[in-house]
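Take a look at the structure set out below.
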Number of protein chains: 2
Amino acid sequence: MDNIAQLKDNGLKVTGPRLKILDLFETHAGKHLSAEDVYRILLEEGVDIGVATIYRVLTQFEQADILLRHHFESGKAVYELNQGDHHDHLVCVKCGMVAEFHNKEIEDLQDKIAEEHGYRIVDHALYMYGVCGGCQKKEKHR
Amino acid sequence: MDNIAQLKDNGLKVTGPRLKILDLFETHAGKHLSAEDVYRILLEEGVDIGVATIYRVLTQFEQADILLRHHFESGKAVYELNQGDHHDHLVCVKCGMVAEFHNKEIEDLQDKIAEEHGYRIVDHALYMYGVCGGCQKKEKHR
DNA sequence: GTATATGCAAAACTTTTGCATCCTT
DNA sequence: AAGGATGCAAAAGTTTTGCATATAC
């Protein structure tokens, strides 16, 4: 399904800002971008979209399951393209690099725990914070 | 160790605001309070501590490992007393109720995954979002 | 007495909203 | 033509900071 159809299927009109923002996330698949990141990157490309529009579009895309929203420790929301493959995150606290992983055993255990507590799960987020290999090497050189 | 010793051990002077805030979290052990919650609850008790002080104390307590900070989906930080027993969170998206759990199998799997990716883990956060039993019952009555 | 902590107000930062204008269908 | 989308600026919410005063040690 192309971008235009994806917007139409969600009842969203096909507009310049929406296509630009969607395209940006496809170009940066796997990256986690804040609203300000989106604004800045587009501006560098000569595309000036108002921040209000960016926030509105990001919210709409999240509701349409086009994007996933996360809250890492930074205090601001970041978004990434929803590629269907659920995954969790390993975030480097030094350089910010994010590694992704998926582990079915953990997922199954989570479902079991939710059931035991009487919860019907709608979403979950597993974030691990650590120091990545590259930054560990740098530490030794100090 | 009492509260006064706990503050001193972290190089923090023993002041009224710090004792009041620490006491509040002990009274509400297991609860997740935002800076504003702390301000409001203390005010209801007749204790007026400026918000700037609350933010500063919460940050210091987090650095001293007295409190744990979380970022649920709400967009603002919440804190809870660090009782040493690491646990994860099941958050009800309807009523905000938080259930806690601990699962050693999941922890072990996380350690294994971090190792495979070359990360030295410093922290992790597993949040599950769902609808709790109470809210599921309410849904049926509509 | 000295260093640190607090309170207040202002500021910084992220996100939301009102409203006039513009664009998609 | 009509409803929805955008841009701008103002506002709202959260958190930080500068500075004078107050407090702990």
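Each chain gets a letter, A, B and so on, in the order its sequence line appears, and its residues count up from 1. Note that the coordinates shown come from a computational prediction; the quantities given were computed from them, not determined experimentally.
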Closest to the [X] side chain: [options]?
X: A:T53; options: D:dG7, D:dC19, D:dA5; value: D:dG7
X: B:A77; options: D:dT6, D:dC25, D:dT15; value: D:dT15
X: A:K13; options: D:dA5, D:dC25, D:dG7; value: D:dA5

Margin query: What I'd like to find out is whether the side chain of A:I49 reaches to under 4.5 Å of the side chain of A:V57, using heavy atoms alone.
Written below: no
Check: Hey, are the side chains of B:V47 and B:I41 touching, using non-hydrogen atoms and a 4.5 Å cut-off?
Finding: no
Check: Starting at the 5' end of DNA chain D and moving along, which residue's nearest nucleotide shows up first, B:L12 or B:E36?
Finding: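 Closer to the 5' end of DNA chain D: B:E36.
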Item checked: Residue whose nearest DNA chain D nucleotide is more 5′ - A:V51 or A:P17 -> A:P17
Given atom [atom1] of [X] and atom [atom2] of [N], what is their separation to the nearest angstrom?
X: B:I4; N: D:dA24; atom1: CD1; atom2: C1'; value: 12 Å
X: B:H71; N: D:dT15; atom1: NE2; atom2: P; value: 7 Å
X: B:Y39; N: D:dG13; atom1: OH; atom2: P; value: 15 Å
X: A:N10; N: D:dA5; atom1: CG; atom2: P; value: 12 Å
X: A:L42; N: D:dG7; atom1: CG; atom2: P; value: 11 Å
X: B:K76; N: D:dT14; atom1: NZ; atom2: P; value: 4 Å
X: B:L7; N: D:dA24; atom1: CG; atom2: P; value: 13 Å
X: A:I54; N: D:dA5; atom1: CD1; atom2: P; value: 16 Å

Next item on the list: Would you mind telling me which of B:R69, B:K31, B:H28, B:H70 makes a side chain to side chain donor-acceptor pair (under 3.5 Å) with B:E80?
Entry: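 When side chain to side chain donor-acceptor pair (under 3.5 Å) is applied between B:E80 and each of B:R69, B:K31, B:H28, B:H70, only B:H70 qualifies.
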Does OP1 or OP2 of [N] have a side-chain N or O of [X] closer than 4.0 Å?
X: A:R18; N: D:dA5; result: yes
X: A:T15; N: D:dT6; result: yes
X: B:Y55; N: D:dT16; result: no

Check: What are the 5'-most and 3'-most nucleotides of DNA chain C lying under 4.0 Å from any heavy atom of chain A?
Finding: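 Contacts span C:dT14 to C:dT25, reading 5' to 3'.
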Item checked: B:D37 with B:R40: basic N within carboxylate O range, under 4.0 Å ->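 Between B:R40 and B:D37 there is a salt bridge, with a charged N closer than 4.0 Å to a carboxylate O.
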Note to self: Could you check whether atom CD of A:Q83 has more than 12 heavy atoms from other residues, nucleotides or ligands sitting under 6.0 Å from it?
What the structure shows: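 Above 12, so yes.
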Note to self: Can you tell me if A:E26 has over 12 outside heavy atoms packed within less than 6.0 Å of its CD?
What the structure shows: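 Result for CD/A:E26: enclosed.
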Notebook entry, point to check: Should B:D108 and B:K104 be marked as a salt bridge (Lys or Arg N to Asp or Glu O under 4.0 Å) after you check the CA-CA gap, both sets of side-chain angles, and the distance that decides it?
Noted result: CA-CA 6 Å; B:D108 291 345; B:K104 186 162 188 321; 2.9 Å; yes
